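The structure under discussion appears below in the form of structure tokens.
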Amino acid sequence: MPGLGKHRRPKQRPIARKLAFAGTGGAALALPLISATTAGAAVTQPAAAPAAKTVTLAAATPAVEKAALPLTYSVTVGDTLSKIAAEHAVNGGWQALYEANRSAIGSDPSIIRPGLKLSIGAAAKAAAAKATGVKATAAAVKPATTYANNLDGWIRQSLDVMARHGIPGSYNGIHRNVMRESSGNPMAINNWDSNAAAGIPSKGLLQVIDPTFRAYHVPGTSLDSYDPVANITAACNYAAARYGSIDNVNGAY
């Protein structure tokens, strides 16, 4: 019984109450800290909203820039209508580019002065992007075409390049002129005529002088005027500008 009396001493109850109160008070003191943290989070969250707006505006910027793309091109040294038309995917090739700028260029499409402003049209960039996508898709599903390393293969490869650049001409028209000019020898060179006397001899399958080759060189082909495909393609490009097509050439040109 005395043991039971010790467990019931009244002095310990107030102490327990104080401890319990102190514990409650500790919890009460902790509450403002938790609230402060929560409030801090609430203040921080709205600050993220402007960042989302900034991302939205940044994403919209390219569309604005695309809409503001220039519609003109300034000619630089070494440019040709064929080169410009190819680089900007002008629908209809250099012929369409010439027709759109005939008044500025004049009667000879082979002469374009550096600094001349040419209209390339609003659809040129979109066409270029579309063409790039089509080429990438075609490359993914279609194996590369191989060509024989002979006159037949050179003509066929050149015709494929010409088709991509809107340059007219037929197999028979090219073959007929090649046989007349060089007998099918890609290393043929004329060292006796007036061009040779001037230091610019005619070279290659279609006997093109270097200034003409550079002026009518078609992008994607070799820069070597003796290269069979590059020589044929540049010559056909020149013939198209001067005579309408290599098919219309039946003699020295």
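Because the structure is predicted, anything quoted here is derived from the model rather than measured.
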Exercise. In terms of side-chain heavy atoms, does N250 have a donor or acceptor partner in R180 at a distance below 3.5 Å?
Worked result: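 No donor-acceptor contact under 3.5 Å links the two side chains.
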Exercise. Any side-chain donor paired with an acceptor under 3.5 Å for T76 and D79?
Worked result: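 Per modelled atom types, T76 and D79 side chains form a pair under 3.5 Å.
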Testing the basics here: between [X] and [Y], what is the closest heavy-atom pair and its distance to 0.1 Å?
X	Y	value
L205	S182	O-OG, 2.7 Å
L97	A85	CD2-N, 4.0 Å
S225	N231	O-ND2, 2.8 Å
A240	W94	C-CZ2, 3.6 Å
M162	G169	CE-CA, 3.9 Å
S222	F213	O-CZ, 3.6 Å

Exercise. Apart from V77 itself, what residues make up its hydrophobic cluster, given side-chain heavy atom links below 4.5 Å?
Worked result: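 So far as hydrophobic clustering goes, V77 is joined with none.
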According to a hydrophobic-cluster definition based on side-chain heavy atoms being under 4.5 Å apart (Ile, Leu, Val, Met, Phe, Trp, Tyr only), do [X] and [Y] belong together?
X	Y	value
Y243	I232	yes
I155	M179	yes
L159	V161	yes

For this session: Walk me through it: do D160 and Y147 pass the test side-chain contact (heavy atoms from CB on, under 4.5 Å)?
Result: CA-CA 11 Å; D160 283 350; Y147 304 91; 2.4 Å; yes
Exercise. V75 and I84: side-chain contact (heavy atoms from CB on, under 4.5 Å), yes or no, with the steps?
Worked result: CA-CA 8 Å; V75 176; I84 297 169; 4.3 Å; yes
To the nearest 0.5 Å, what is the distance between [atom1] on [X] and [atom2] on [Y]?
X	Y	atom1	atom2	value
D152	Q157	CG	CD	11.5 Å
K117	L71	NZ	CG	12.5 Å
T212	N195	OG1	CG	8.0 Å
I209	S194	CD1	OG	9.0 Å

Distance-only donor-acceptor pairs under 3.5 Å for side chains of residues 104-116, two or more places apart:
from	atom 1	to	atom 2	distance (Å)
D108	OD1	S110	N	2.9
D108	OD1	S110	OG	2.6
D108	OD2	S110	OG	3.2
S110	OG	Y216	OH	3.2

Exercise. Does L223 offer a backbone N or O that forms a donor-acceptor pair with the side chain of D227 under 3.5 Å?
Worked result: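 No; judged by distance alone, with no hydrogens or angles, the pair does not exist.
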Problem set entry | Criterion side-chain contact (heavy atoms from CB on, under 4.5 Å) on I189 and Y226, from CA distance to verdict | CA-CA 9 Å; I189 183 169; Y226 281 110; 3.4 Å; yes
Exercise. Of all residues at least two apart in sequence or in a different chain, which pass the side-chain contact (heavy atoms from CB on, under 4.5 Å) check with A235?
Worked result: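 A235: side-chain contact (heavy atoms from CB on, under 4.5 Å) contacts with L206, V208, Y253.
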Exercise. Which side-chain hydrogen bond (donor to acceptor under 3.5 Å, both in side chains) pairs, counting each pair once, include a residue from residues 198-208, with sequence neighbours left out?
Worked result: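 Listed once each, the pairs are K203-D210.
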Exercise. Can you pull the ring pair (Phe, Tyr, Trp, His ring centres under 6.0 Å) pairs that have at least one residue in residues 155-209, sequence neighbours excluded?
Worked result: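 Non-adjacent pairs meeting ring pair (Phe, Tyr, Trp, His ring centres under 6.0 Å): zero.
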Exercise. Applying salt bridge (charged side-chain N to carboxylate O under 4.0 Å, His left out), which residue pairs with at least one partner in residues 242-253 are found, sequence neighbours left out?
Worked result: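 For residues 242-253, and leaving out neighbouring residues, there are no salt bridge (charged side-chain N to carboxylate O under 4.0 Å, His left out) pairs at all.
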